Amino acid sequence: MDVRVEGQMVEAGDSVASTLRKALSGKRFKAVVAACGASGELLDLHAPLPAGCDALTPVFGEDPRGLELIRHSAAHVMAAAVKRLFPEARVTIGPAIDNGFYYDFAVARPFSSEDFPAIEAEMRRIVDARQPFVRREMGKAEAVEFFRAAGESYKVEIVEGIEGDTVSLYTCGEFTDLCRGPHVPDTGFVRASKLMSVAGAYWRGDEKNAMLSRIYGTAFADEKALGAYLQQLEEARRRDHRKLGKDLRLFSFREDVAPGMVFWLPKGMLVRTILEDFWRREHLRRGYELVQGPQMLRVETWMKSGHYDNYRDNMYFSSIDEDAYGIKPMNCIAHMLIFGNELRSYRDLPQRYFELGVVHRHEKSGVLHGLLRVRQFTQDDAHILCMPEQLEEEILGVIHLVRDLMGLFGFEYKVAVSTRPEQSIGTDEAWEMATSALVGAVEKAGLPYTVNKGDGAFYGPKIDVRLLDCIGREWQCSTIQVDFTLPERFDLAYIGQDGGRHRPVMVHRAIMGSLERFIGILVEHYAGALPVWFAPEQARVLTVTGAGDAAAQELCARLKDAGIRVASDLRNEKLGFKVREAQVAKVPYVLVVGEKEAQEGGASVRLRSGENLGLKSVTEIAGLVRADAEEPFKQGGMCYSFS
RNA sequence: GCCCUUGUAGCUCAGUCGGUAGAGUGCAUCCUUGGUAAGGAUGAGGUCACCAGUUCAAUCCUGGUCAAGGGCUCCA
């Protein structure tokens, strides 16, 4: 029988490898890590050619599937090295993950990064030995016996949990591990790897179980790809909003005073204010109304809403005159009550309430992370109360708002629709109606989406939007949720055309999600070089010598009159020094005033890119800055300027 | 909460194999008036996170506490 390999037909060999060898050049064959069978399954190179197999695709290390194999095999190599150095360590699991792999070990003394050099050296020896990965099938009982004899109690537990009669084992050198496979042909393919960090991890991810010692590592097809990845990590560190926030004086944290809560410094607060102002205006333009509820509500209200039962552990409480109050972790209750404040007609619907609502949530201390995970934050929260037949239209409006906002910052994004989970309330009919409204809206908007089956909230289906920043990281921001419960619990109603009382449907949505978090993402996305429209300092006037002070102040005043956020640096320092400081502060426009400019008026303009535009008049400069600030709005159909 | 790492000047970090500490940067003052990424000098600034223990002596060793950072979702 003949087998198709990369477009040519070759005679089937005994093994996958021998078949491929007939079709590939020696050099290419050496780089193959595995093969993909006719039905898409991955095969070990050493494996016998499956019966009836009529096509094979070689998989290389650069291929995502090949890379995953390399990483999985790297986990085995690391485990083998650890077993050599620490024979008493018991192995547990070691999968490939997004950016590498890990392996969890049960050891008396947890590993630390100081153990890395020894482990890496041992790994190197194993890699250089080019030990083949040998697969073997074994009956379950036999496998249990094998691992019990080896003292690998965790493996025994895993084998016992596996369905079916046989399991597969892979051996490289003296190390044998339970593994589904496949693997790279030999350890030589794990030539570019690096151990990254250690962490504690619970057995099977359950905090009731024993704490294991996890070692994270990464591996690539070659040193070049590994180097590129390490460089990308370096780039991410360079963009870290916590560092940039400190350097650029945007915000600070005082762990001793208020852990997980932000102190907004003047520049950061200006950025926030501009974003808030823009966002409020945009909401007004799209038919939302601004509202605001109290910061704390009596505890009885939280009982009525269900938050006390379901969310109490994350809430802060206080008491006033012996009455218990809960500080709001969400804004929806006040919006419910605002709807219920008067009798509503179907003519009044939809009601769209928008609030930049400050909420408090008690996050566990270990999960706080700069602006991205805090305990007090501001949601760009809205609740739309509408008739069921308006639902799709309303959701479409929200999706358009998401699209326009993401476009404004140049974010790519991914949409996922989450459907009814096992545990949920509400009728099938309501779920069906809401889910089809969500799907219908996404389709009308022409957006590709995925479905997360059973991942909806217990009270309704939802759309989640994950944005991708400019270095490809994903962030969960926007969420659009349909909710049947709250209108029910608060007995909200409107009078329909028929004169009867009807229950409105509620859409809960946040686009930026948390303002704090969104600003953190923006800082990382732009690496601190914020676009002119919300840069806290759009321009800085620098003098060459003290003789330019008066002209600089005059220029500054005129630009301020033109609505430009400008500062001046009249310090007694050399120009090069001041230029550097402005550059480090990522100021978009640096305006230099020297003798020549003082005489002719205007300033010589240096951009953040380092480009020098030469002498420009005040009017020209104001025009440049303004045009730059308006640029991002050209695509979104939006329009905004802060003044 | 749990595991690993870390905690020294406003910031970034050295250092002391146990004898209470240093650099760069920033800040202040002075000199310097310099044309697009760092001019020079001088000075101020620290209960070495906190609490115990060991010791003649602890910032350093030991134990504990607090905080931060990396993880604790990826399942042979």
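Fair warning: this is a prediction, and the values are worked out from it, not measured in the lab. Both backbone and side-chain heavy atoms feed into the values below; hydrogens, waters and symmetry mates do not.
In terms of position along RNA chain B, the nucleotide closest to A/F111 lies nearer the 5' end than the nucleotide closest to the other residue of the pair A/F111 and A/F577. When each of A/S213 and A/R180 is assigned the nucleotide of RNA chain B bearing its nearest heavy atom, the one mapping closer to the 5' terminus is A/S213.
B/C51 and B/G45 are spaced 23 Å apart, taking the P atom of each and rounding to whole Å. For B/G70 and B/C61, the C1' atoms lie 27 Å apart once the distance is rounded to whole Å. Across the C1' atoms, B/A37 and B/C74 are found 44 Å apart, a figure rounded to whole Å. Separating the P atom of B/G34 from that of B/U16 is a span of 47 Å, rounded to the nearest Å.
Between A/D455 and A/K453 there is no salt bridge, since none of the side-chain N atoms of the basic residue sits less than 4.0 Å from a carboxylate O of the acidic one.
Taking the side chain of A/Y216 as heavy atoms from C-beta on, and the options B/G26, B/G71, B/A76, the nearest nucleotide is B/G71. Taking every side-chain heavy atom of A/V579 into account, B/A37 is the closest of B/A37, B/C27, B/G39. In this structure, of B/A76, B/C72, B/U36, it is B/U36 that holds the atom nearest to the side chain of A/N612. Of the candidate nucleotides B/G39, B/C74, B/G70, B/C74 has the atom nearest to the side chain of A/Y102. Side-chain proximity of A/Q583 to B/G70, B/A37, B/G35: nearest is B/A37.
Considering only side-chain N and O atoms, A/R249 lies nowhere under 4.0 angstrom from the phosphate OP1 or OP2 of B/C11. Taking only side-chain nitrogens and oxygens, A/R242 comes nearer than 4.0 Å to OP1 or OP2 of B/G70.
Cation-pi contact between A/R580 and A/F577: absent, since separation from the ring centre below 6.0 Å together with deviation from the ring axis within 45° is not met.
For the pair A/R214 CZ and B/U73 P, the interatomic distance rounds to 7 Å; values are reported in whole Å.
Less than 6.0 angstrom separates the ring centroid of A/Y316 from the ring centroid of A/H362. Note: A/F105 and A/F111 meet the aromatic proximity criterion, with ring centroids under 6.0 Å apart.
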